[in-house]
Amino acid sequence: MPAPPSGPSSSDVAFATPSSATDTSEVGKIETYSFAEKGNQLTAGTATFASGEVDFGASLSGDQAYAGTAIRVYAPGNTGAAPVTAFNASGFTKLKIQLKSSSDGVLSIKLQPSPVAGDGCTATAQAIVNSTLSELVIDLSDAMFPLPDYCNGTGSKVGTVKAGLFAVDVINAATTTGSHNLSVGTVKLAP
């Protein structure tokens with residue numbers, strides 16, 4: 001097999017390019033979810049799509065021990081239901097993802113296996129963001145995507161998830177009273 005041509009992004013592979021608030025150009029689904037310690041104090045918004053990005057937010061009427069507002073983009077060809085087509089990302093070393101939040105400065109990125117890790121015990125990175133949609137490039141390594149501390153070392157590590165990447169979750173885990181939002185644009189994988 002010939003070597004890929006050199007260049008800034010010629011060998012990137014599109015994982016999810018939002019084409020609406022619920023679908024990607026790669027025939028994957030986009031879903032949103034939110035959670036809070038006191039569920040009755042959470043009001044979820046509606047996902048919207050504009051300028052190539054999906055926006056979603058929620059409001060908390062009280063401080064929480066834990067909470068989250070999230071956008072999940074599924075791998076190409078996945079609708080979120082069976083049959084599942086796992087995306088083999090083993091040959092890639094970087095995740096390129098466009099993110100922003102106008103309410104908070106840190107978002108979590110979870111690489112989801114199939115079935116998804118409902119407890120969140122899967123490879124998770126932290127991304128520093130601002131109110132301008134920007135592409136972040138993150139190494140697909142255990143150092144950048146460790147398991148959350150509360151998992152006590154149990155869960156899906158990067159190497160395992162890469163072989164069957166089912167979805168990428170972006171979570172705004174802010175727990176304070178008020179509105180919290182996030183936006184996700186294109187998600188790509190790079191060698």
Side-chain angles (χ1 to χ4, degrees), residues 13-16 24 26 28-39 42 44 47 54 56 58 60 64-99 101 104-129 135-176 180 182-184 186-191:
V13 171
F15 182 83
T24 67
E26 295 77 24
K29 273 296 194 210
I30 297 173
E31 291 178 348
T32 57
Y33 64 92
S34 50
F35 57 91
E37 173 199 17
K38 301 172 192 118
L42 170 81
V54 176
F56 182 60
L60 296 170
Q64 309 291 312
Y66 60 86
T69 303
I71 296 173
R72 174 177 290 159
V73 292
Y74 285 96
N78 283 282
T79 61
V84 170
T85 308
F87 185 91
N88 185 347
S90 297
F92 298 97
T93 63
K94 295 184 185 323
L95 176 73
K96 293 183 174 183
I97 186 167
Q98 293 179 327
L99 301 173
S101 172
D104 300 280
V106 179
L107 299 176
S108 297
I109 303 166
K110 290 189 177 287
L111 304 179
Q112 291 286 6
S114 178
V116 297
D119 60 2
C121 288
T122 187
T124 304
Q126 302 301 313
I128 306 289
V129 298
E135 181 175 83
L136 286 85
V137 180
I138 308 168
D139 287 337
L140 289 169
S141 67
D142 287 328
M144 295 305 294
F145 279 92
L147 291 173
D149 292 341
Y150 69 83
C151 299
N152 295 318
T154 303
S156 299
K157 295 190 176 186
V158 172
T160 307
V161 181
K162 277 172 55 174
L165 186 57
F166 180 51
V168 173
D169 286 11
V170 180
I171 304 163
N172 183 335
T175 57
T176 54
H180 303 285
L182 70 156
S183 300
V184 177
T186 58
V187 180
K188 297 180 286 192
L189 294 163

Run Y74 and E26 through side-chain hydrogen bond (donor to acceptor under 3.5 Å, both in side chains) and show every step you take.
CA-CA 9 Å; Y74 285 96; E26 295 77 24; over 6 Å; no
Mind running side-chain hydrogen bond (donor to acceptor under 3.5 Å, both in side chains) on T124 and K110 for me, showing each step along the way?
CA-CA 4 Å; T124 304; K110 290 189 177 287; 2.9 Å; yes
Dump the intermediate steps for side-chain contact (heavy atoms from CB on, under 4.5 Å) on L99 and V184, then the final yes or no.
CA-CA 5 Å; L99 301 173; V184 177; 3.9 Å; yes
When you look at Q98 and T186, which way does the side-chain hydrogen bond (donor to acceptor under 3.5 Å, both in side chains) test go after all the steps?
CA-CA 6 Å; Q98 293 179 327; T186 58; 3.1 Å; yes
Decide side-chain hydrogen bond (donor to acceptor under 3.5 Å, both in side chains) for D119 and Y150; before the verdict, give the C-alpha distance in whole Å, the side-chain angles of both, and the deciding distance to 0.1 Å.
CA-CA 10 Å; D119 60 2; Y150 69 83; 5.8 Å; no
CA sep, side-chain torsions, deciding dist, call: Y33, D169, side-chain contact (heavy atoms from CB on, under 4.5 Å):
CA-CA 10 Å; Y33 64 92; D169 286 11; 2.7 Å; yes
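Considering V116, I30, V170, V168 in turn, V116 is the only one that fulfils the side chain to side chain contact (heavy atoms under 4.5 Å, CB included) rule with R72.
In terms of modelled atom types and a separation under 3.5 Å, the side chain of N78 and the main chain of T85 share a donor-acceptor contact. The main-chain N or O of Q64 is never found under 3.5 Å from a side-chain atom of K38 such that the two would form a donor-acceptor pair. The backbone N or O of P191 lies less than 3.5 Å from a partner atom in the side chain of T93, making a donor-acceptor pair. For T122 (side chain) and L111 (main-chain N/O), a donor-acceptor pair under 3.5 Å exists by modelled atom type.
To the nearest 0.5 Å, atom CG of residue L107 and atom CG of residue L182 are 5.5 Å apart. Atom OG of S90 and atom CG of L189 lie 10.5 Å apart (nearest 0.5 Å). The CZ atom of F15 sits 4.0 Å away from the CG atom of L165 when rounded to the nearest 0.5 Å. A distance of 12.0 Å separates CG of L42 from CD of E37, quoted to the nearest 0.5 Å. Distance check: S141 OG to L95 CG gives 11.5 Å after rounding to the nearest 0.5 Å.
Across every non-hydrogen atom of A65 and T175, the tightest pair is O-CG2, 4.0 Å. The shortest non-hydrogen separation linking D142 to K157 is OD1-CB, 3.9 Å. Scanning all heavy atoms of the two residues, the minimum distance from S156 to L147 falls at O-CD2, 3.5 Å. When all heavy atoms are compared, the tightest approach of L136 to I128 is CD2-O, 3.7 Å. Minimum interatomic distance between A14 and K188 (heavy atoms only, all atoms of both residues): CA-CG, 4.2 Å. T32 and I71 make their closest contact through CG2-CG1, 4.2 Å (heavy atoms, listed as atom of the first residue, atom of the second, distance).
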